[in-house]
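Chain naming here is simple, since letters A, B, ... match the order of the sequence lines and numbering starts at 1 in each.
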Amino acid sequence: MNRKLIMILTCVFVIAFAFSIQAEVKDPIGVVKLGPGEPVHIAYWVVISGPNTSLGTDVVRGIEIAVDDFGGSIKGFPLKISGQDAACSAEGGQAAATRLAADPTIVAAIGSTCSSAAKPGVPILWKAGIPTVSPSNTAPFLTDPERGDGYGGYARTCHNDKVQGAIAAEFAFREKGLKSAATIHDGSVYAEQLAQVFAKRFKELGGKVTSMEAVSPNDTDMRPVLTKIATAKPDIIYYPIFIAEGGFITRQSKEISGLEKTTMMGADGMFSPDFYKAAGMAAVGMYHSSPDFGAFAGGYQAFLAKHMKKYGEKPIAPFHGHAYDATMMILKAIDKVAVKEGGNLHIGRKALRDALLATSTMQGLTGTITCDQYGDCADPKIAIYQTAAENVKQGAMPTKPYWKPY
Amino acid sequence: MNQDQSPWRYAVNIGLIGALTVVMLSLIGMVESFSKRDIIYRVVTMGNTLLLLTAIFLSYLAAKKAGREHAATAVGSAILTAVITAAGVALLVAIGKTINLRMVFINASPVLYQILTFYIGPKGIPLVLLGGLLSGLAAGLLFLAPPSIRKTIITALSAVVIAGVLQDMLRPVIALWGPLAKINLFLFAANGLSIKGAIGLFVVVAILVYVWGQKGSAVKTKVQGLPAGQQRNLKLASMLVLAFILLVLPKILGLFLSEVLTIVGLYVLLGLGLNIVVGFAGLLDLGYVAFFAVGSYVVAILTSPELGFFSMNFWTALPFVIAAGILSGVLLGVPVLKMRGDYLAIATLGFGEIIRILVLSDWLRPWIGGAQGIGQIPNISIAGYTFTTPQQVYYFILAGCLLVGFISWRLRDSRLGRAWMAVREDEDVAQAMGINLVATKLMAFATGAGFSALSGAIFATKIGSVYPHSFNVIVSINIICLIIVGGMGSIPGVIVGAFALVGLPELLREFAEFRLLVYGAALVAMMLLKPEGLWPDVKRRRELHIDEDENVAEAEEATVSA
Amino acid sequence: MFQRIRERISPTDVVMWLIGGGLLFLVVWGSIATLIKGTYTARHWIDFIIFGLAQGSVYALIATGYTMVYGVLRMINFAHGEVFMSGPYTAYFVAAWFYRTGWLDTNPISCLAAIFLVSMSVSVTIAFFLERIAYRPLRGAPRLIPLITAIGASFFLQYLFRGLYGSSFQAYPDIAMLEGHWVIWGIRILKFQAVVIVAAIVLMFALYSFVMKSRIGKAIRSVSEDKEASALMGIDVDKMISMTFVVGGAAAGAAGVLYAIMFKQVHFFMGFIPGIKAFTAAVLGGIGNIPGAMLGGIFLGLVESVGPSLFLDGLGIVAPYQLKDAIAFTMLVMVLIFRPTGILGERLAVKKA
């Protein structure tokens with residue numbers, strides 16, 4: 001390359017660069033204007049690939065039923081639902097959120113399913129003025145007052161893990177009188193956090209945590225790690241992980257000498273008929289902490305009937321109800337703030353966010369939805385379920401809680 | 001089958017392959033999933049297109065086998081192939097209606113049969129066969145058409161299909177173009193292209209291609225006829241245009257495509273680094289992601305206030321990042337110095353996994369965050385200007401790519417670069433010629449690792465958090481693949497490879513379910529048909545073709561006779 | 001080994017010995033600390049060893065397929081893990097059907113035989129076509145190219161099966177005959193573990209004698225020694241390469257059923273990690289060497305099962321089983337550094353370049 005060329009190239013760069021900096025100023029929050037007949041566009045960003053697909057599918061079904069129930073239109077404007085794969089990872093969340101943020105027709109979003117995807121994704125969406133309501137991000141960080149900038153447009157209809165882990169510990173210590181516990185996580189953000197919360201609360205209550213183990217998501221032979229746990233003979237093993245590994249641990253725990261009397265307990269991540277398939281009869285007698293479907297409003301039975309009719313099966317993961325509520329929350333908030341002018345519909349983005357966070361005493365499927373200023377909207381009714389032999393045989397989750405803290 | 005097999009026989013065989021393919025496409029759920037999106041609103045869905053293209057492509061092959069001289073045979077065998085392919089669909093529907101295939105094949109849903117029979121049930125089967133017949137006829141005629149017309153039609157049709165497939169992305173992009181935004185209203189309907197949009201697009205592209213086909217070569221000869229000075233000016237001008245395009249790209253493309261560009265850019269950086277190790281020095285490294293992880297984690301530990309150890313800014317941390325990358329390259333390089341070929345591959349793969357497992361572990365959790373990763377990594381800023389949106393980060397990554405590209409371009413022709421290539425060709429001979437193997441190999445590992453660490457640092461600041469799950473072995477495999485697909489040892493090849501293997505899948509994010517399936521099939525097809533890569537290094541292509549003279553000829557014979 | 005040191009002591013050698021010595025020291029120290037602490041009783045150790053043997057014998061069976069293919073083609077057949085997955089995943093539907101009809105309880109032996117047969121034939125079919133379509137045209141291409149093809153084929157097969165059978169886990173039904181445990185010489189061993197270990201040993205023995213004694217086995221070995229010479233001796237090289245894939249596929253299909261008996265769950269991704277592990281095992285044992293692959297597999301299984309408790313627990317490392325793959329890979333690298341030909345030595349005619 002000759003020197004002249006390099007000089008010219010440099011100049012071009014500098015000029016274009018300066019140009020781009022100047023042109024970047026924009027109002028972060030605007031108004032969505034819809035012409036006559038144009039749809040109100042809501043997008044979901046959930047996991048639709050990889051091993052946790054069932055979580056995402058469950059959520060999407062909840063959304064679709066909610067849209068049907070709402071009537072498919074807002075103030076005479078049709079509803080359009082589209083979706084992106086946020087996987088269950090930070091990169092997936094970022095890419096999916098960017099994709100949504102690039103589409104100016106999107107009014108609001110539903111998602112993500114996994115907290116690790118939400119962490120980078122939510123700020124991107126909110127920067128584009130898109131509020132998002134998650135049906136299943138349970139990580140405490142997301143609604144923490146110290147969470148940093150960018151999470152202003154975030155709300156969730158599911159419980160915060162601070163609640164679930166603590167309830168599990170209270171159940172084990174107070175209700176069952178178990179004095180020593182071991183935990184297992186699989187290195188996922190969700191499981192690690194729950195195991196931590198559980199152990200902390202269990203110790204506070206006066207229990208003894210014998211060991212905190214971890215496995216890899218692709219492990220199949222859990223017998224060695226279970227044998228290691230068995231050396232301390234804990235009263236309970238708490239393993240808030242996902243279906244596959246959970247199935248291996250549940251089955252193999254029956255084969256380990258020293259664990260015959262140990263209580264097994266999982267969380268909502270494997271509260272699914274698929275888990276019974278994976279664990280078989282070994283699941284009988286074990287406990288799960290999960291949202292209390294019994295406390296769900298009367299509409300839940302009708303929801304189940306619609307679900308059965310539409311998809312030919314019962315819900316496959318625990319967050320369909322929360323997805324339904326998240327969708328309803330958004331639709332009602334849009335209905336509240338959308339202004340009809342002539343044949344057009346105007347939706348203010350900030351107004352929509354404010355309306356979402358102002359949601360209060362909304363009767364949802366999962367209970368009464370009331371948001372606090374950080375976007376925790378759930379009515380955290382976590383209950384403990386015990387699996388009976390019929391549940392496994394019929395491949396259906398128990399519907400009546402074994403114990404509830406309230 | 002052998003070379004002089006009759007075209008009819010060939011048509012039957014290839015038709016059977018086609019039938020198998022369409023049945024497979026249906027049973028894995030691709031057809032049903034693609035049918036949710038219209039290419040042309042309420043006329044053709046993506047699912048239809050997929051099946052049609054399969055039939056047309058295979059029957060085109062059948063026609064080609066018959067040859068131009070036998071027009072009737074060509075059209076006949078094309079039709080035969082397409083009808084057999086369609087019969088596969090018909091058979092699937094017929095079987096599916098009598099036996100519940102869903103017990104085993106989860107995607108054999110009633111909806112699928114509806115789609116396959118044009119929503120009119122078993123009565124649609126004759127219609128399916130008719131469709132096959134017509135697509136065979138179309139393929140046959142297309143084959144017989146003069147090349148210029150054939151090319152025009154194929155390109156214009158592809159343009160329509162691509163516009164339809166990428167509609168959700170094109171719409172917001174076109175909407176950014178100010179006065180041109182009206183194109184959207186013309187092109188698109190609610191779901192898919194509008195009929196007038198599709199026809200319009202077809203006509204415009206067809207005219208462009210046709211005119212270029214007529215005049216293109218004339219322009220080329222004219223340019224070649226110019227005096228040397230003017231040719232250089234022309235080259236300079238085109239480089240300036242290219243530079244300008246690179247600079248305004250994020251403005252034109254909008255948010256999401258810029259994000260895709262930044263992801264591609266990161267992979268280009270990684271690819272350029274690995275290209276030194278694998279492409280230049282011939283050391284097969286399957287654990288390259290380890291250095292990427294080192295870069296990300298070092299920058300996270302040094303800058304994130306979440307851990308609170310250092311809270312540096314990006315620029316202070318950068319030298320440490322590069323140093324850590326180079327150091328880890330040397331550290332991991334020393335033990336594997338004596339290993340060759342596949343042992344090296346498996347050992348480096350092991351290293352990559354060890355690093356990932358360590359950063360994930362509860363053991364190191366107090367220092368590097370464990371499963372919760374590290375968050376709140378600040379964005380890069382220069383003199384008060386912060387790179388936050390993808391459009392801004394793009395410039396940073398572009399600068400990084402240019403820098404790294406320049407370095408590796410200079411390295412390739414340097415003394416060291418030639419030493420690397422000598423090692424690649426034959427270690428023993430290289431050593432005999434006085435090349436210090438230890439130093440040369442370690443330099444390759446170190447340089448590659450340095451680039452990778454830089455890329456990791458940018459990645460961490462771009463996302464703002466690091467998680468162990470981002471450093472899976474799949475990333476290493478992906479980078480190796482993009483180098484080979486682009487053309488080993490070729491710098492532009494890395495860029496092309498990154499666009500093909502990272503950019504394209506990112507664009508089709510909604511179809512994530514099928515991403516790796518198509519990716520895998522494309523890799524195999526690519527290696528079978530064009531093993532030297534999309535943009536091979538000139539020297540390497542020449543080499544490949546010398547020693548391939550016999551091998552490729554043999555291999556081709558084997559393919560044909562298979 | 002010592003000869004090499006005498007020949008040349010370079011700084012890199014010193015570094016390597018330091019690393020190796022350091023690791024060895026840590027391992028010994030950790031083991032002693034663990035044993036002194038006395039958390040684990042002899043019975044625990046025996047359990048660990050049995051678990052390791054069972055897991056290792058599955059690795060060993062898969063590893064034989066890798067090692068045979070490497071022997072004849074000098075390529076890492078990355079898709080071998082998928083060959084392993086395809087068999088038991090397909091056979092699951094047969095098993096589930098047997099279970100529904102109740103045959104699995106009334107005549108379990110013949111049902112198991114049928115499951116084995118289905119699994120092995122599916123794996124063999126996949127392996128055969130894999131070689132035919134993806135590898136044969138590339139014979140003689142530069143070494144990296146078949147590797148990429150194999151990676152592509154691996155992805156393709158994974159997601160093909162995912163598309164066909166769905167992305168959720170399927171679980172093999174329990175086989176009543178294999179429930180419970182036996183007590184042999186005071187050692188408690190689960191029935192299915194004993195069955196898996198014995199079956200794997202029988203299969204490996206059968207495979208080994210097939211390769212050593214039968215005509216085809218001899219021809220395969222001759223091809224892996226020297227293709228040209230074999231061709232001159234009238235051996236159909238292409239056919240023998242196909243046969244290698246068939247035999248390897250059969251072993252993988254059988255290993256798949258053993259895996260399914262032991263772990264119950266089958267899934268489209270189940271082959272990937274065991275595939276990498278089995279390749280590690282093949283390298284550990286000495287690539288191209290069938291007894292080596294078997295030994296390597298069992299060794300790997302043992303290290304994964306015993307290692308974390310023995311080495312890491314004593315060092316005070318929390319959650320040691322999270323690091324078990326790290327131990328396996330570290331051991332691999334160490335073996336490659338200090339004994340690059342593997343435990344039993346590689347059986348390759350030409351040194352790989």
Determine whether more than 12 heavy atoms belonging to other residues, nucleotides or ligands lie under 6.0 Å from atom OH of Y99(C). no
F263(C) vs R251(A) side-chain heavy atoms within contact, under 4.5 Å: no
Residues that E245(A) engages under salt bridge (Lys or Arg N to Asp or Glu O under 4.0 Å), provided they are two or more places apart: none
Which atom pair, heavy atoms only, marks the closest approach of K277(A) to A171(C)? O-CB, 2.7 Å
Should the heavy atoms of other residues, nucleotides or ligands under 6.0 Å from CH2 of W97(C) be counted, would the total exceed 12? no
Nearest atoms (heavy-atom pairs only) where F192(C) meets R223(A): CZ-NH2, 3.3 Å
Crowding at CH2, W29(C) (>12 non-hydrogen neighbours, <6.0 Å): no
What part of P308(C) gets within 4.5 angstrom of chain A, counting heavy atoms only: side chain, backbone, both, or neither? neither
Which atoms form the tightest heavy-atom contact between A214(A) and A319(C), and what is the distance? N-CB, 3.6 Å
Between the CD atom in Q322(C) and the CD1 atom in I184(A), the distance rounded to the nearest 0.5 Å is 11.5 Å
Residues which pass salt bridge (Lys or Arg N to Asp or Glu O under 4.0 Å) with D219(A), listed by chain and number, not counting sequence neighbours: K324(C)
Interface check, chain A: of V266(C), D47(C), I273(C), L323(C), most non-hydrogen pairs under 4.5 Å belong to I273(C)
Side chain to side chain contact (heavy atoms under 4.5 Å, CB included) test vs Y321(C) passes for just one of T227(A), I229(A), V225(A), namely V225(A)
What parts of residues 294-303 of chain C touch chain A if we use heavy atoms and a cut-off under 4.5 Å? none
With only heavy atoms counted, which part of M270(C) is less than 4.5 Å from chain A, the side chain, the backbone, both or neither? neither
With a 4.5 Å cut-off on heavy-atom pairs, point out which of G280(A), A230(A), G258(A), S257(A) contacts chain C the most. S257(A)
Other residues, nucleotides, ligands: >12 heavy atoms within 6.0 Å of K179(A) NZ: yes
All side chain to side chain contact (heavy atoms under 4.5 Å, CB included) counterparts of A63(C), not counting sequence neighbours: A278(C), A281(C), A282(C), A293(C)
In terms of heavy-atom proximity below 4.5 Å to chain A, should S305(C) be classed as side chain, backbone, both, or neither? both
Ranking A278(A), S216(A), A279(A), S211(A) by heavy-atom pairs under 4.5 Å to chain C gives rank one to A278(A)
To the nearest 0.5 Å, what is the distance between OG1 on T220(A) and NE2 on H267(C)? 13.0 Å
Would you indicate whether the side-chain heavy atoms of K228(A) and Y40(C) approach each other to under 4.5 Å? yes
Contact class of F51(C) relative to chain A, heavy atoms under 4.5 angstrom: both
Between Q265(C) and F248(A) the two heavy atoms that sit nearest each other are NE2-N, 3.4 Å
Heavy-atom distance under 4.5 Å to chain A: side chain of Y259(C), backbone, both or neither? side chain
